[in-house]
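The figures here come from the full heavy-atom set of this structure, side chains too, leaving out hydrogens, waters and symmetry mates. Lettering follows sequence order; numbering is per chain, from 1.
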Amino acid sequence: MAEVVLNGVGKVYADGTRAVESLDLAVAHGEFLVLVGPSGCGKTTALRMVAGLEDVSEGTISIGDRVVNQVPSRDRDVAMVFQSYALYPHLNVRDNIGFGLRLRKLPKAEIRRRVDEAARTLGLEEHLARKPRQLSGGQRQRVAMGRAIVREPQAFLMDEPLSNLDAKLRVQMRAQIARLTRELGVTTLYVTHDQVEAMTLGDRVAVMRKGVLQQVAPPQELYDHPVNLFVAGFIGSPAMNLLTGRLEQAEDGGLTVHLGGQHLAVPAELLDRRPALRAYADRQVIVGIRPEDLYDAADESGEPPAGTLLRADADLVESMGSEVHVHVRLDVPPAVTDDVRELAEDAGAADQVPDPGTAQTEVVARFGPRTRVREGDTAALRVAVERMHFFDPGTGLSVADHAQDHVQNPKEKS
Amino acid sequence: MTGGAAPAASAPLPAPEAAPEPGPGPGKRGDGGIHRSLASRIAGRTGGGAVAVGLVLVALFWMMPTFGLLVSSLRSPQETGTSGWWKVFTEPGQMTWDNYDRLLSDDDMMRAFFNTIWITVPSTVLVILIGALAAYAFAWLEFPGRDWLFLIVVGLLVVPVQVALIPVSQLYGDVGLFGTIAGVVLFHVAFGLPFAVFLLRNYFAGIPKDLLEAARMDGGTDLTIFFRVILPLGRPAIASLAIFQFLWVWNDMLIALIYADNDSAPLTVALQSQSRAFGANIEVLAPGAFLSLIVPLLVFFAFQRHFVQGVMAGAVK
């Protein structure tokens, strides 16, 4: 077990492409850190540099107290689980798991003991004599895990290990990986493009975009205090609603945010936490509202407080059983920035990016299953205004948030 | 070369799947029955019994010369001089082991036989070993000029052996390799390597990169990766190469004729000199020829089981 530290790490390919840019990241002893981001954001490159499968162009990588830039993979004492599993097809499960130990010339009995133990942990005992081709996808995935854990390495590196499994199995294996890594307490660097995996597995989550680290924080922190539009839009499903609004000085000295013809009050408490908002008075801002921060006003007793209500027509109601997603159209211009475009591209919906010229934005609200809103109704949405997010439309950065100060590890900057 | 090579080229091909014959009934939808191409209809019928019978007949017809040679090698020269080998069907009594007895006690022929083995086995083993190592480097190691070097190797494929005959003769004369088995082996290895490197490099390049990286993470050096991952996975390609190279060298006469002397001449040369010295010297030629074709057959059957399909199954995904 050891600390893995990336210090100003960069990767430049021969053709000049920068895959990773001055990445500072520290994975503490026994920590499970997830690197997440859309495809092509450099997360896999970063992992492969730690593995020693890619050269480091700039900066240093250390494992334990050793700088490993020049150390070949085999001497780094880290184990990797590949997206494709990369099982040796000519070896049976026992030999696949024990391959690394055999190369290290451990005594036969010791190899046997460790492989048996790993197989027991992973429920592979009956399959030890089989070849990879005789195994199901989930079993192959477990063999790949087994090959990593028998090594008892300083750190695990996992490159989207679950992305080849079908949805149900993925949830099972996710839980198994979480249990296993907690039990073993081994430092783990895990790469995924799936934000659900990132949130559920990570002690901390690092979000990357185009080779640049955006934010590193524990999952809840990341969810509650995204530093910019990209993180806000990437983490969470359904995604945060992003609207173009205008902050205006209210008569009582507070601020209100105008969304089309409607307005929401910015509570004093929020203003205290984000004093920089005052500088945005009479300016455009991007307002972010999580779907679960929208409540069905008709379902609540009592009159909602003034300045917390939005009315809009529901054009789609999706029932998930445990919750209902209500899609409404608000008469405000959508927030379209580079971040939003990239997020849409990553979701494979580049053509779905709304035209910033339109005056309507689709907003998703997550209601309880008992909501009576039907398609075509005008829904009354109560906004949990104290949890609104504000972003600068130019930079995409979150408007100064005190929470931000403790979001990041002092050693790191984004 | 032709006699032995035929089974090597045809046998490893997998039997085509027996495609179910789509009934051209009226209920069938459009593109199924009538508009299928001629080729696909023929392919569809290869599973049928009539085709199997046809193929067996062709195979028997093709094997006739070999069978004739076998029978001739079992008849006395007098019988062969007066009647055709098919007489043996009516008079099986004329079959005899005499020719083989004489062949096995003929020191010159036996020395030639062992010379062939001493030439062929090292030539094959060396070509595979050097070729595989080079192929691994060309496929997976990064060094400057790698792809240019490989292109040159590919270019060497089309260099005919004849251009090297005279310069190599002079060279061998200078270094004292002329008339030795080592000289013949060296020549075969040199001219066998381009094809070996080409074939193996392309096969190795198809091995998923993740496997090599996994082995690297598991603590493998280039050498351990080569022996424990690449060689086992390259088995089908290595087996085909072994057969090709073995046959080529085994059946070679040109190079042996030039670079071997009487003591190091292989069977091909010895047989050829027999036919020249005594005209139709059938009682030596027939068993000798049969001996020289049975060994490649045995080699083929020994390596055939390595043509396993789907060696890579289960490796990735």
### Query
Which bit of L87(A) comes within less than 4.5 Å of chain B, counting heavy atoms only: side chain, backbone, both or neither?
both
### Task
Ignoring hydrogens and angles, state whether a donor on the side chain of Y136(B) or D222(B) is under 3.5 Å from an acceptor on the partner side chain.
yes
### Message
Given heavy-atom pairs under 4.5 angstrom as the criterion, report whether the side chain, backbone, both or neither of V81(A) touches chain B.
### Response
neither
### Summary
Residue from R104(A), M80(A), Q134(A), Q141(A) scoring the most non-hydrogen pairs under 4.5 Å with chain B is R104(A)
### Message
Taking the side chain as everything from C-beta on, heavy atoms only, tell me whether F156(A) gets closer than 4.5 Å to Y190(A).
### Response
no
#### Entry: Flag side-chain contact, heavy atom, 4.5 Å: V93(A) against L135(A)
yes
### Query
Mind checking what makes salt bridge (charged side-chain N to carboxylate O under 4.0 Å, His left out) contact with E54(A), not counting sequence neighbours?
K11(A), R48(A)
### Contact listing (chain B partner; residues 106-131 of chain A; heavy atom under 4.5 Å)
none
#### Entry: E31(A) vs T187(A), side chain to side chain donor-acceptor pair (under 3.5 Å): CA-CA, chis, key distance, verdict
CA-CA 5 Å; E31(A) 186 184 24; T187(A) 312; over 6 Å; no
#### Entry: Contact listing (chain B partner; residues 38-46 of chain A; heavy atom under 4.5 Å)
none
### Message
Side chains of H188(B) and W248(B), heavy atoms from C-beta outward: is any pair under 4.5 Å?
### Response
yes
### Query
Between the side chains of S123(B) and T120(B), is a donor N or O closer than 3.5 angstrom to an acceptor N or O?
no
### Check: L241(B) and I128(B) side chains under 4.5 Å, non-hydrogen atoms
yes
### Query
Relative to the ring of F195(B), is the ring of F198(B) parallel (under 30°), tilted (30 to 60°) or perpendicular (over 60°)?
tilted
### Message
Here's a test for you: under side chain to side chain contact (heavy atoms under 4.5 Å, CB included), which of I61(A), L23(A), N69(A) qualifies with M49(A)?
### Response
I61(A)
### Message
For residues 204-217 of chain B, give me every residue with a non-hydrogen atom less than 4.5 Å from any non-hydrogen atom of chain A.
### Response
K209(B), D210(B), L211(B), E213(B), A214(B), A215(B), R216(B), M217(B)
### Task
Cation-pi check, R147(A) to Y88(A): give yes when NZ or CZ is under 6.0 Å from the six-membered ring centre and within 45° of the ring axis, no otherwise.
yes
### Task
Could you verify whether a donor N or O on one side chain and an acceptor N or O on the other, from T192(A) and E160(A), lie under 3.5 Å apart?
no
### Query
Quick one: does V50(A)'s side chain get under 4.5 Å of L189(A)'s, heavy atoms only?
yes
### Message
Can you confirm if the NZ or CZ of R201(B) lies within 45° of the ring axis of F150(B) and under 6.0 Å from the centre of its six-membered ring?
### Response
yes
